[in-house]
Structure formats: C-alpha cells, structure tokens
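Okay, structure first, notes after.
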Amino acid sequence: MSTKVRLIATEEAWSIPEVAAELKKVANSPTQSLDKLLVKGIYDAPTDTSGYGVLDFLSGLIDAEGERLRQMDEYGVDMQVMALTAPGVQMFDADTAMELAMLANDRLAALCHKYPTRFAGLASFAPHSPKRAAREMERAVNELKLNGFMINSHTYGEYLDDPKFWPILEAAEALDRCIYIHPRAASDTFKGPLQDYGMDSAMWGYGVEVGTHAVRMMAGGVFDHFPKLKICIGHMGEAVPFWLWRINFMNSRAQVVGRASKTKRSMAEYFQDNFVVTNSGVEDPLALRYTIDKLGVANVLWAIDYPYQPAKPAVDFIEAFPCTDAERHALCHGNAERVFHIAAE
Ligand code: 1WB
Ligand code: MN
C-alpha cells in the first residue's frame with residue numbers, strides 16, 4: 001500500500017480587494033498597455049450572477065478560505081504556494097505599488113500563518129523603487145516568513161537584467177529565496193503583433209514575454225554577478241527548455257564573433273543552475289518528460305495555475321504521469337519544499 005504523495009501546487013494566483021479596486025481604475029484609465037485587455041476582462045467585467053462561474057476569475061482570486069480550500073480538500077491538494085496575480089502591483093505608480101504590495105504581503109502572511117500546512121506565499125514588491133523593494137523583501141522573509149518572491153515580468157518595459165533592479169536581485173540572493181517571474185502582457189515596445197487574435201494572453205504572449213525576460217537575464221550576464229540567485233519560471237519554463245540547445249549554440253557563437261556580451265558561463269549552465277521551472281498550465285506528459293530529462297527532476301515543480309486552470313485535471317494529470325516514485329516525490333513536493341523553504345512532513 002502506498003500512502004498518498006504530498007501535493008504542493010506552486011504557482012497559484014490570488015488577490016485582495018484593494019488591488020482589484022486599483023486594477024479596475026487601470027481598466028478605465030487611458031493606458032495603452034496590452035495588459036488592459038485582461039485587466040478589463042477580470043476587474044471591470046459585468047458581475048457574474050451565476051455565482052462561482054468558470055470564467056469568473058475575480059471571485060476565485062479573492063478567495064482563499066472558501067472555494068479554494070474546498071477544492072484542495074476535494075482533490076487532495078495539500079498546499080498551494082500563492083502569490084498576488086499578474087500584473088501584480090506593476091501597473092501602479094511607485095507609491096501605490098509599494099503600499100499595496102505591503103498590504104498584500106501582510107494578508108498573505110496572515111493566511112499562511114492561519115493555515116501553515118495549506119498555504120505558503122510568495123511576496124510582492126514594487127520594482128519601481130528597487131531599494132525600497134529590497135527592504136520589503138527583507139521584511140517579507142524575516143518578519144512575515146513568506147517563502148519567496150513574485151514579479152510579473154517587466155515594469156514599465158524594463159527587465160531585471162537592468163542594473164537599476166540589481167538591489168532586488170542582491171536581496172533575493174542574500175535572503176536565499178527564489179524570485180518567481182510570472183508573465184504579464186508584453187511591454188509597449190514589444191506588443192505590436194501580439195495585439196490581435198487574443199495573442200496578448202496566456203495563449204502565446206505571456207510565454208514570449210517571460211521567455212524573453214529569462215534570456216535577457218542569462219545573455220546579460222546577470223548570474224555572473226549573482227551566481228546563487230534562483231529564478232523560477234512557470235508554464236513549463238515558458239518554452240525555454242525546448243529552445244535551450246539553440247539558445248546555447250547561438251549565444252556561444254555570437255560571443256565569439258562579438259555580437260553578444262561575454263559571459264563567464266554558458267546559457268545552458270545558467271539555465272541549469274539558476275532556474276527552476278513549474279508545469280503550471282501545461283498538462284502535456286511529453287513536454288513534462290522532456291523537461292525533466294533535459295533539466296533534471298530536481299529543477300521541475302508541479303503547479304496548477306489556479307484559478308486560471310481548473311484544479312482537478314491538473315491533479316489527475318500529475319497523478320497519471322508516468323514516472324518513478326523518486327521523480328513523483330520530487331515533482332509533487334520535495335522540490336517545492338527545498339526551493340520555497342516549506343517544512344517537510
Ligand atoms: C494566467 C492566465 C494569468 C490568465 C492570468 O492573469 C490570466 C496564467 C492575470 O495562466 O498564468 C487567463 O486569462 O487565462
Ligand atoms: Mn500562470
């Protein structure tokens with residue numbers, strides 16, 4: 001008789017009414033940001049009178065102790081690692097962003113404290129002011145005991161390879177906590193052909209945005225400065241694992257001919273040593289098997305992407321996934337415990 005394997009879902013979206021209200025203002029503002037499409041659809045949508053409708057993401061996001069926990073109980077999800085959902089606080093001005101990130105962190109910490117075996121949390125911060133962000137990151141780990149950090153890709157079109165953000169990377173490395181980079185819509189300078197056919201979204205644009213962010217960090221030599229920094233990316237590594245051979249080959253050749261910055265190590269080594277990935281929103285056994293074999297099972301974590309992705313199929317997927325017992329324990333909880341400093345049971 002085998003006992004049930006602990007299931008820790010590692011990229012689970014959540015929000016608070018105060019952030020939702022501010023995003024509703026964004027939905028009605030003149031911004032041309034590509035995120036507006038999604039923000040409008042979620043935060044300024046007509047009220048769903050059917051109750052907890054499948055596409056009523058807002059009620060799913062705001063909830064923790066109701067339907068979310070009920071589904072976790074029903075489907076055997078032991079714990080969710082929750083984080084403020086995309087675009088986080090990054091569309092707000094610096095002061096509002098900082099204030100709301102701190103408020104969200106306080107609330108998230110309270111939930112984790114109330115349900116220490118059911119919820120863990122990734123802290124938000126306002127990247128606009130990197131030094132203040134670093135102080136909030138310290139508070140989030142040292143005082144609130146949160147488990148890591150969440151950033152939603154670019155901030156006003158700027159990416160973490162920019163040295164202005166390095167106090168954030170320095171803090172994460174010093175605190176020994178992972179930064180999860182979740183997508184938001186592509187920046188104003190990147191959005192052109194992603195504006196049609198729903199391509200701004202999780203269908204395509206999100207992966208292109210975060211894949212680009214990850215490659216900028218590797219090719220920009222960020223990990224030469226922060227060799228112990230860990231970055232987590234979801235959605236099966238936003239396709240980077242499948243591109244890695246080519247990224248590595250082309251970057252090393254470009255470095256030789258002077259078309260890319262010199263880095264101490266190769267792109268393949270950075271991705272192997274400085275990244276972990278989750279399968280959030282990708283329930284394809286071939287893609288998961290490839291990713292495990294490519295990166296090593298220690299670098300791959302299970303996730304649902306609740307409430308954007310229904311929980312039951314995500315649980316059924318991982319339970320049916322053909323793998324060894326050791327792989328299953330690593331995917332389902334062991335890696336999450338290590339990466340996010342969650343107490344083992
Ligand atoms: C995701 C999907 C995130 C959707 C979203 O965020 C929206 C995701 C703000 O897969 O991470 C969506 O609408 O499907
Ligand atoms: Mn997601």
Side-chain angles (χ1 to χ4, degrees), residues 8-16 19-24 26-27 31 33-45 48 53-63 68 77 80-92 100 104 121-122 124 148-155 178-187 191 194-195 197-211 213-214 231-240 276-284 287-288 291 300-311 313-314 317 336 340:
I8 303 179
T10 52
E11 191 211 288
E12 312 312 322
W14 165 83
S15 194
I16 58 173
V19 170
E22 207 60 33
L23 284 170
K24 185 170 175 163
V26 168
T31 178
S33 164
L34 195 53
D35 280 295
K36 193 173 178 175
L37 290 173
L38 174 116
V39 166
K40 212 166 169 48
I42 296 181
Y43 301 96
D44 197 29
D48 178 2
V54 277
L55 285 177
D56 180 8
F57 290 141
L58 183 54
S59 58
L61 290 167
I62 298 291
D63 161 69
R68 182 185 306 251
V77 177
Q80 281 197 7
V81 181
M82 296 199 292
L84 192 63
T85 193
V89 297
Q90 287 159 250
M91 295 184 82
F92 310 144
L100 286 172
L122 304 183
S124 296
F149 308 106
M150 172 63 83
I151 187 170
N152 295 281
S153 205
H154 71 88
T155 305
C178 183
I179 301 179
Y180 204 124
I181 306 182
H182 190 276
R184 56 179 289 195
S187 64
K191 69 181 180 182
L194 298 170
Q195 298 178 93
Y197 317 123
M199 288 173 67
D200 58 288
S201 66
M203 170 190 145
W204 181 251
Y206 280 15
V208 173
E209 165 65 24
V210 172
H213 200 153
I231 301 292
C232 183
I233 55 180
H235 315 111
M236 209 65 91
E238 313 289 8
V240 175
V276 295
V277 309
T278 81
N279 79 303
S280 57
V282 182
E283 292 158 22
D284 176 346
L288 181 53
T291 304
V300 188
L301 291 71
W302 177 69
I304 302 171
D305 214 345
Y306 183 91
Y308 300 114
Q309 205 74 23
F317 165 69
F340 296 118

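Side chains are part of it too, since the values below use all heavy atoms of this structure and drop only hydrogens, waters and symmetry mates. Quick note: residue numbers are just sequence positions, from 1. Read the numbers this way: they start at 1 and go in the same order the structure lists the ligands and their atoms.
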Completion exercise
Closest non-hydrogen atoms of Met199 and Trp204, given as atom of the first, atom of the second and distance, are CE-CD1, 3.8 Å
Practice task
Check each atom of ligand 1 against the heavy atoms of Ala86 and keep those under 4.0 Å away; list them by number with element.
Solution key: 9 (C)
Handout entry: Flag for Arg184-Gln90: side-chain donor and acceptor within less than 3.5 Å
Key = no
Exercise for the section: Look at the rings of His182 and His235 and say which category their plane angle falls in: under 30° parallel, 30 to 60° tilted, over 60° perpendicular. Expected result: perpendicular
Handout entry: Those atoms of ligand 1 less than 4.0 Å from some heavy atom in Ala202
Key = 2 (C), 10 (O)
Practice task
Identify the protein heavy atom lying closest to atom 10 (O) of ligand 1, giving its residue, its atom name and the separation to 0.1 Å.
Solution key: Asp305 OD2, 2.8 Å
Problem - Top protein contact for atom 13 (O) of ligand 1, by heavy-atom distance - result: Leu38 CD1, 3.5 Å
Completion exercise
Residue, atom and distance of the protein heavy atom nearest atom 5 (C) of ligand 1 read Tyr308 CZ, 3.3 Å
Practice task
State the CG-CH2 distance between Asp63 and Trp14, to the nearest 0.5 angstrom.
Solution key: 11.5 Å
Practice task
Quick one: report the N, O or S atom of Glu11 that is nearest to the Mn ion (ligand 2).
Solution key: OE2
Handout entry: Heavy-atom check, side chain of Pro87 versus side chain of Leu23, under 4.5 Å
Key = yes
Fill in the blank from the handout: Between His213 and Ile181, the two heavy atoms sitting closest are ND1-CG2, 3.9 Å
Practice task
Write down the atom of Ser153, the atom of Glu209, and the distance for their closest heavy-atom approach.
Solution key: OG-OE2, 2.6 Å
Practice task
With heavy atoms only and a cut-off of under 4.0 Å, state how His235 meets ligand 1: side chain, backbone, both or neither.
Solution key: side chain
Completion exercise
For His182, the N, O or S atom at the shortest distance from the Mn ion (ligand 2) is NE2
Exercise for the section: Can you establish whether the number of heavy atoms outside Lys24 located under 6.0 Å from its atom NZ is more than 12? Expected result: no
Handout entry: Angular separation of OD2 (Asp305) and NE2 (His235) seen from the Mn ion (ligand 2), to 10°
Key = 70°
Problem - Subset of ligand 1 atoms that lie under 4.0 Å from at least one heavy atom of Phe57 - result: 13 (O)
Problem - Arg184 contact mode with ligand 1 (heavy-atom cut-off under 4.0 Å) - result: neither
Practice task
Please state whether His182 comes within less than 4.0 angstrom of ligand 1, counting heavy atoms only.
Solution key: yes
